[in-house]
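The structure appears below as structure tokens.
Residues take their numbers from the sequence shown, with the count starting at 1. Atom set for the values below is all heavy atoms of this structure, side chains included, hydrogens, waters and symmetry mates excluded. Whatever order the structure lists ligands and atoms in, that order sets their numbers, starting from 1.
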Amino acid sequence: MVNVTGPRCRSCEHGDLRPILSLGRTPLANALLTAEQLREPEATFPLDLVFCPACALVQITETVPPEVLFREYAYLSSFSDTVVQNAEGIVRRLIGLEGLGSESLAVEIASNDGYLLQHYHHKGIPVLGIEPAANIARVARAERGIPTVCEFFGAELAAELVAGGRAADVVHANNVLAHVADLNGVVRGIATVLKPRGVAVIEVPYVKDLIDHCEFDTIYHEHLCYFSLTALDRLFRRHRLVIRDVERIPIHGGTLRIFASRAEWAIPGEAVKSLLAEEAAWGVDREEFYRGFGAKVERLRASLLELLGGLKAQGRRIAAYGASAKGSTLLNFFGIGADTLEFVVDRSTVKQGRYTPGTHLPILAPERVLELRPDYLLLLTWNFADEILAQQQTFRDQGGRFIIPIPECRVV
Ligand code: ZN
């Protein structure tokens with residue numbers, strides 16, 4: 001008899017994971033295609049969201065090898081003003097709070113194009129970026145002068161850095177913990193690379209916002225985990241780190257920012273205690289909290305398809321804004337393709353000229369909107385709605401409208 005072993009929890013290795021939502025098989029959300037690749041078959045992978053009743057971690061079951069996912073990652077953080085401003089704000093605070101100076105070291109895991117570390121660099125504080133995507137690490141070095149190690153971060157690299165005299169006063173990890181297959185390895189690495197009084201500042205998508213605001217499109221193969229403070233607390237304590245402070249910030253549709261330090265001296269602050277208590281009251285550590293999410297997503301699909309179908313029937317022309325990973329999940333799962341949308345625009349020059357995975361929409365520069373004049377733009381990067389609506393004021397002044405799909409369809 002074949003012994004079939006199901007997936008195990010990425011945090012605690014518990015085996016009895018409970019299904020929340022299945023998005024079927026989809027192509028990789030960031031696997032943009034060249035014109036030549038349109039003729040080739042696309043690889044697809046199952047996308048199933050599950051809940052661990054033992055440690056409360058919400059996660060997907062499939063692990064696509066990181067070499068496949070991240071080596072030529074197309075997302076440049078600096079193309080979003082919101083992301084750069086968020087980074088500048090937290091850096092300024094930390095320099096003051098931690099009294100950082102020319103003897104300090106700020107490390108960022110998955111440092112992208114140096115969008116965050118540049119703010120330390122400008123103040124004369126030594127930095128080290130760690131970024132596995134070779135093309136993006138090159139941008140950080142060449143355009144921003146940020147020393148960048150082109151590797152995946154884990155306990156081994158952390159030990160090498162410490163042995164080389166590069167222990168960190170501050171470690172940043174923004175939207176990286178959700179991406180790593182070896183969750184415990186990365187948290188162990190953070191515990192290793194921190195100086196005794198160092199602080200890790202970590203931003204992760206907050207599962208409470210995902211569920212409450214129907215942000216199902218933030219589920220894709222790059223995002224392996226969806227965190228509550230409860231799940232993070234259990235994970236960090238396993239590695240002798242204490243979450244001493246926590247903030248809820250609006251970026252990326254709802255983010256938790258935690259501040260963790262060594263258990264030898266740090267204790268959980270009031271904000272941590274109170275959010276843990278709130279989460280217990282909401283029941284984020286119980287399966288019941290996640291029931292009904294699938295039905296909510298189906299209702300959203302029905303209302304968006306009805307809106308788009310109605311507009312097409314009236315002869316309206318529709319395109320999309322934002323060739324984002326979340327856009328890929330939404331279009332593929334809802335079955336919205338080239339028969340509905342003419343094209344998609346995106347500010348990232350790396351994406352322009354390529355095609356969206358699964359749906360094969362051509363990706364153009366945002367300037368083309370005024371020339372091609374669609375009536376509606378489906379906003380796939382709804383998390384940057386304010387920023388994008390402001391940039392597209394001329395389109396709107398000329399009668400163009402945006403359809404914002406999440407948390408519920410609205411036309412603005
Ligand atoms: Zn678990």
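Here the side chain of H121 pairs no donor or acceptor atom with the backbone of L117 at under 3.5 angstrom. A donor-acceptor contact shorter than 3.5 Å is absent between the side chain of N332 and the backbone of T26.
Salt bridge status for E342 with R368: absent, with no side-chain N to carboxylate O gap under 4.0 Å. The pair R10-D182 does not meet the salt-bridge criterion, since no charged nitrogen lies less than 4.0 angstrom from a carboxylate oxygen. Remark: E42 does not engage R25 in a salt bridge, criterion side-chain N to carboxylate O under 4.0 Å.
Looking only at protein N/O/S atoms, the ones less than 2.8 Å from the Zn ion (ligand 1) make 4 in total.
Ring centers of F45 and H221: under 6.0 Å apart, within the cut-off.
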